[in-house]
Each structure stands twice: as C-alpha cells, then as structure tokens.
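Basis for what follows: all heavy atoms, side chains included, without hydrogens, waters or symmetry-related copies. Whatever order the structure lists them in is the order used to number ligands and atoms, beginning at 1.
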Amino acid sequence: MKPSLKTITLRNLINFLLLLTVVILVVLGVRFRQISVQIMEDKALALAEVVKGGLTAHMKGGIMDKRDYFLNEINSLTLVENVKIIRSKEVNSQFGAGLDLEEHMDDMTRQVFERGEPIYVIDDLSLHPNMRAVVPFIASSKGELNCLKCHNVTEGTVLGAISLEMDLTGYRNITLALLLVVGGIAVVFIVLIISNNVRTIQHHVQGPLEELIKRGEDAYYKNTPIDESRFECAEFENVAREFNMFAVDILQNQSEIETKTKRLEELSAEIEDAHKETIYTMGVIEEHRSKETNYHTMRVTQYCALLAQKAGLSEYEVDLITTAAPLHDIGKLSIPDSILMKPCRLTDEEFAIMKNHAEIGFNMLRHSKRDVLSSAAIIAHQHHERWDGAGYPRGLKGDQIHVFGRIVALVDVFDALATKRVYKEKWPLDEVARYIESESGRQFDPKLSQLLLNNFDEFVAILNKYQ
Ligand SMILES: [Fe+2]
Ligand SMILES: [Fe+2]
C-alpha cells in the first residue's frame, strides 16, 4: 500500500529535524570546547605570570631560599595540579642546583625551551579530562627588573618554565549538560513542530481531500454540486469549482450517451430478432414444402433449447442451437417434390437422393463466418449421423459428432415418431420412449437419450403445446 500524503510529509519533516538537531549539537559542542580550552590556556598563562612574579619577588626580597613554601601553596590551588618549575642551564650554573620542585625536564619542557613558546596538551576523552601546560619564562630587559643583568644572559633567553596540569572535568560536565539541555529543547520543539504539522495536514489537506472525495461522489451520482466556500484554502476551492464544471459536463454527456445507448440496444435487439425470425422463417418454408407436420420447426427449436439446457451447455450455446436448429433440413429445398412428398416408402434410389439433403444444407450454410449460420451448417450436416457411426453423410461416430448435431438428431426423431406424417401414423408415447431407450448408444448419444427420458414429460409438454 502506498504511504499517505501525511506519512510522506511527516517522514521528511522528522528526518530534516533530526539532522538539524545533530548539526546544532555538534556545532555547539565544538564551539563550547574551543571556549573552554581558551579559558584554561588563559588561566595557565595567568598562573605562570603569578608564579614568575612570586619568584622574582622572592629573589628581590633576598628570601629565595623560602620559595618552596610559595610553590607548595600554588600547587594546592583548586583545579591546579603538578605545578613544577624547570630552571635553565644558565640559571643552574649561576645559582647551583635548585629545589626538588625545580628539576623536571621532559620532552615537552625541552620543546618549550627550544621554541620559547607555551605548549598546551589537552586530554578530554579520558575519565579525568585535564590539560597540561608548559609556559616559558623568557629573559627581558623590560620591566622593573632587568633579567639580562641579573642572569647575565641575552634578550629572549629562556630562563625557565612552569609546568602545570589543570582539571577539565568541570568544563566537560558543563559542556555535556549544555548539550543535554539543547538536545532536550530540540526534542520538545520537534514534538511541537510535528504535532503542529499533523494538525495542519489533517485540517488543511487530508480533511479537505476526504470532503472533496465524498462531495465529489454526491456531485456525480446525485447531481449535487460541491459547496466551494466550505474550503479554507484557495487550491481546494479551485479544485471544487473545476470538479463542479467537469461533473455538469459529464452528466450532460452521460444522459445523451444513455439515450443513444438505449436506442442502440433497441436497434440491436430488433436486428437480432429480425435475424432469428428470418432464419426461423427459412426453416418454416422448408417445413411447408416438405409437408412436415405443422409446427415441427417450432417444436424442434423448443426441444433443442430444453435438451441443451439439461446437457449443461452455456447460455450462449443454448441460444446458438435454438436459433440454428430450424435450418436442420434446409437442404430438402433441393430435393425433388416427387421424392419429398411421396406418401409411401421411398425406393433405395429415392432414399439415396433424399440423404443428399444433409450435404446440400451444409453447402448452403458453410460459407458464413457468423456463429449462428456456422452452427446451422454443422447441424444440417450432422443431424442424420448416428452415435454408432452407421449414419450419414459421413458416418461420424460418438464424440466426432458435434453436440449440436447429436441433440438435433435425437429431438428430430422424437418429434417424427410422436407426430403423424404423410407416410406414417403417430406412435404412442410409451413406444416412442421405448424406441429411444433401445436406440440409446446406437442411433443416439446415450447421455442425451437418458436426459430426454428422465425429463420425458417436459418434452411431451412441448409436443402438446405446439400441435
Ligand atoms: Fe433431415
Ligand atoms: Fe426435421
């Protein structure tokens, strides 16, 4: 099933909002980290300045030997850990080895001495995030004290450095809390935006669409125009207006089409009736010429319809055989009157001529491509074939004979026996039934014979009706 307009819109909206939230959180996180790092670096620099100032003050006050107390105090400051002072070779050679706190030359410190610039290393992914900073003390002639004179060095010489570590846990926690708050706010806004969109879609799209479909059916089936003013937005109002115009157009055309169709159906029925009547009349003409009992054609037609129904043929096939059956003896039109109307038994020669009527009838009808006349051709050709193959003109056997041919063969004989002919009296009905029983599987299709015998009264009713 295809997703609805609402589902598609919401899916796109959610994807977009989630992406937007992730981007905002990433930008905020990165930016806040940069700010935190900058603050920590500034702090480290400020602290380095304080330590430098403190040591200079000790030196100037002549209490350099008491500076460990000062350094220990600095070490115990909040957020500050592992404060170390590293003295340069120049200072060591000038004043001798320093305190324990002053001997921590490592790779990072060595780089600071070489470059004369601070280095900061941040580890904010571990459980205890921290930053290590090493800030150089650089000799300068500026300021109240001239370092160059005291230490006997040139401008820019790195006299020492301060190494310290700062705890970043607080900053990281604040960053995470901020991201959590922003994420939470984003979720709240996403929910609000989605619910607002759901409401908007339902109110302005889905509702009007459903209304349009419902009213559209009314407009079409009940000829009630859609009320355009009931839609709040212009687009739906336009659609309703167009639909009304369209519906009026269709309805007008439809009534015209209905009238024409009705007329066509009447004409078609008339043509079909005329066609059937013509075929039937041709059968009746033949019937009159051969002096058959009155209504033979009518009765054969009715028996065929009844037996075809009992045999389970389709409605179309029943109609075909009913229409085509009157032409079964049409070939007799070519048989000379002397033979056709002979009131007594035919000689063998005469009978041979008489038998030609099946082939003649077939040749009269076989050129037609219409189902009715093609069926009539088959019936004319096969209605004297026998189930056991002893019939004429081709000696077809069993199922080789078309079911139309087998039906007409049976009911034609049934009617011939049950009615008076120029050459014979009519047989009593029980004798007719016995004959059919005895010829079942010989002259007649056994299944069809059984059907006729099982429903004998219905066939007799037709016989009695058309006398
Ligand atoms: Fe015949
Ligand atoms: Fe007949």
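When the N, O or S atoms of His384 are ranked by distance to the Fe ion (ligand 1), NE2 comes first. The name of the N, O or S atom in Asp412 nearest to the Fe ion (ligand 2) is OD1. Nearest N/O/S atom of His296 with respect to the Fe ion (ligand 2) is recorded as NE2. Sorting the N, O or S atoms of His357 by how far they are from the Fe ion (ligand 1) puts NE2 first.
Between the side chains of Asn244 and Arg241, no donor-acceptor pair is found at a separation under 3.5 Å. Side-chain polar atoms of Ser314 and Glu317 form a donor-acceptor pair below 3.5 angstrom. Between Asp106 and Thr109, the side chains place a donor N or O and an acceptor N or O closer than 3.5 Å (distance only, hydrogens not considered).
By the neighbour-count criterion of 12 heavy atoms within 6.0 Å, atom CD of Glu81 is densely surrounded, having more than that number from other residues, nucleotides or ligands.
In summary, no N, O or S atom of His328 is located under 2.8 Å from the Fe ion (ligand 1). The distance from the Fe ion (ligand 1) to the nearest N/O/S atom of Asp329 is under 2.8 Å.
Ion pairing between Glu272 and Lys276 holds under the 4.0 Å rule for side-chain N and carboxylate O.
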